[in-house]
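Note that the coordinates shown come from a computational prediction; the quantities given were computed from them, not determined experimentally. Start at 1 and go down the list; that is how both ligands and their atoms are numbered.
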Amino acid sequence: MKRIGVLTSGGDAPGMNAAIRAVVRKAIYHGLEVYGIKQGYNGLINGKIEKMELGSVGDIIQRGGTVLRSARCEEFKTKEGQAKGIEQLKKHGIEGLVVIGGDGSYQGAKALTEQGFPCVGVPGTIDNDIPGTDFTIGFDTALNTVLDSIDKIRDTASSHERTFVIEVMGRHAGDIALWSGLAGGAETILIPEEAYSMDEITERLKNGSERGKKHSIIIVAEGVVKAHRIAEELEKVTTYDTRVSVLGHVQRGGTPTAFDRVLASRLGARAVELLMEGRGGRAVGIVKNELVDDDILEILRRPHQINMDIYKLSHVLSI
Ligand code: ADP
């Protein structure tokens, strides 16, 4: 393989730039040429493809977002769209592609692989919902952003003796809610993977208040229920002064943590190695701090699993 491409697709995540940098530098180190594809599959179809040099990725390791930009592209879900993409790759002499993104982006990489074009997936999403890896790039940064907010909200919550319901990202995966809830000492954590009951939530609040707690924090993943709804329900059955905070898109941005930069560097470099070994159709990951790779088709068939040990522990510690 002489020439590879790299793109970022789907929702952006802090650390994607560190991954792009690793792909470009690792490839050039081994004498390959690298082409950056702008705006995900949209740019691929439309030929927004440029050669990258060592300097193209200078000064980006510390930046959130993605310098290659990202976009959603419905057309790429069709065979015609995919054929246009492959045509562009061939036109530029690109023989392998690194796709950095979430499960939607992996679907695109899978489609290309099935049509004989070697792709390697790198898990880039704040949701931590890609099977085959313990952590995805961006999760740790998002977690720390949420945690910073929880700590700040806790200051005001305890000053005013309030209950706060904090809504965090996670439509289908509760990882951000779970990990930030445990790290932030939340009384209750609601995640899409587990059913919740209002009775249990009120019970926990009452127990806490009886033993003299000055405030309570409830973390709810957006995919479970709106935070406002929980607050309304609580106000019906308790006398607690309840407030809501919906964190929103701040969770996607910001300077990547050291953990995400190191993870992105390792995974990006490994993806290039796989292409050099002629092993397309794989997705890279990290399991027990070791680099691993799996069949991308197989990864897409596996369901995402929440860490139930952490879920149970959060119950024990917030008693
Ligand atoms: P993420 O990668 O963060 O999960 P999306 O689900 O929006 O984000 O997917 C990103 C892009 O991947 C889509 O806009 C589309 O171009 C491509 N994609 C998603 N699903 C498929 C599919 N089934 N086949 C081909 N391409 C897909």
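With a heavy-atom cut-off of 4.0 Å, E74 does not touch ligand 1 at all.
Using a 4.5 Å heavy-atom cutoff, the side chains of S180 and I150 are in contact.
Close contacts of ligand 1 with G10, meaning ligand atoms under 4.0 Å from a residue heavy atom, involve 1 (P), 2 (O), 3 (O), 8 (O), 10 (C). Near F76, meaning under 4.0 Å from any of its heavy atoms, are these atoms of ligand 1: 16 (O), 25 (C), 26 (N). Near G102, meaning under 4.0 Å from one of its heavy atoms, ligand 1 places the atoms 1 (P), 2 (O), 3 (O), 4 (O).
Residue contacts with ligand 1: G104 is placed with a nitrogen or oxygen under 3.5 Å of a nitrogen or oxygen of the ligand (distance criterion only). Considering backbone and side-chain atoms alike, Y41 places every N or O at 3.5 Å or more from each N or O of ligand 1. For G101, no nitrogen or oxygen atom sits less than 3.5 Å from a nitrogen or oxygen atom of ligand 1, counting backbone and side chain alike. In terms of N/O distances under 3.5 Å, ligand 1 is approached by R72.
The shortest separation from a heavy atom of Q82 to ligand 1 is under 4.0 Å, placing the residue in contact. In this structure, D103 counts as a contact residue of ligand 1, since one of its heavy atoms falls inside 4.0 Å of the ligand.
Ring centers of F139 and F259: at least 6.0 Å apart, outside the cut-off. Taking the ring centroids of Y311 and W179, they lie at or beyond the 6.0 Å cut-off.
Taking a cutoff of 4.0 Å between a charged side-chain nitrogen and a carboxylate oxygen, D134 and K288 do not qualify as a salt bridge. A salt bridge links E74 with K77; the closest basic N to acidic carboxylate O contact falls under 4.0 Å.
Side-chain N/O atoms of T242 and R162 include no donor and acceptor closer than 3.5 Å. Of the N and O atoms on the side chains of D127 and H304, not one donor lies less than 3.5 Å from an acceptor on the other residue. If you check the side chains of N42 and R69, you find no donor sitting under 3.5 Å from an acceptor. Side-chain atoms of D140 and T257 include a donor-acceptor pair closer than 3.5 Å.
For atom 10 (C) of ligand 1, the closest non-hydrogen atom of the protein is S9 OG, 3.4 Å. Scanning the protein heavy atoms around atom 2 (O) of ligand 1, the nearest turns out to be S105 OG, 2.4 Å. With hydrogens left out, the protein atom closest to atom 21 (C) of ligand 1 is Q107 CB, 3.3 Å, a heavy atom.
Comparing G121, G40, A71, G11 against atom 3 (O) of ligand 1, the shortest heavy-atom distance belongs to G11. Of all the listed residues (C73, G81, G108), C73 holds the heavy atom that lies closest to atom 14 (O) of ligand 1.
Closest of all the heavy-atom pairs between I126 and M169 is CD1-SD, 3.7 Å.
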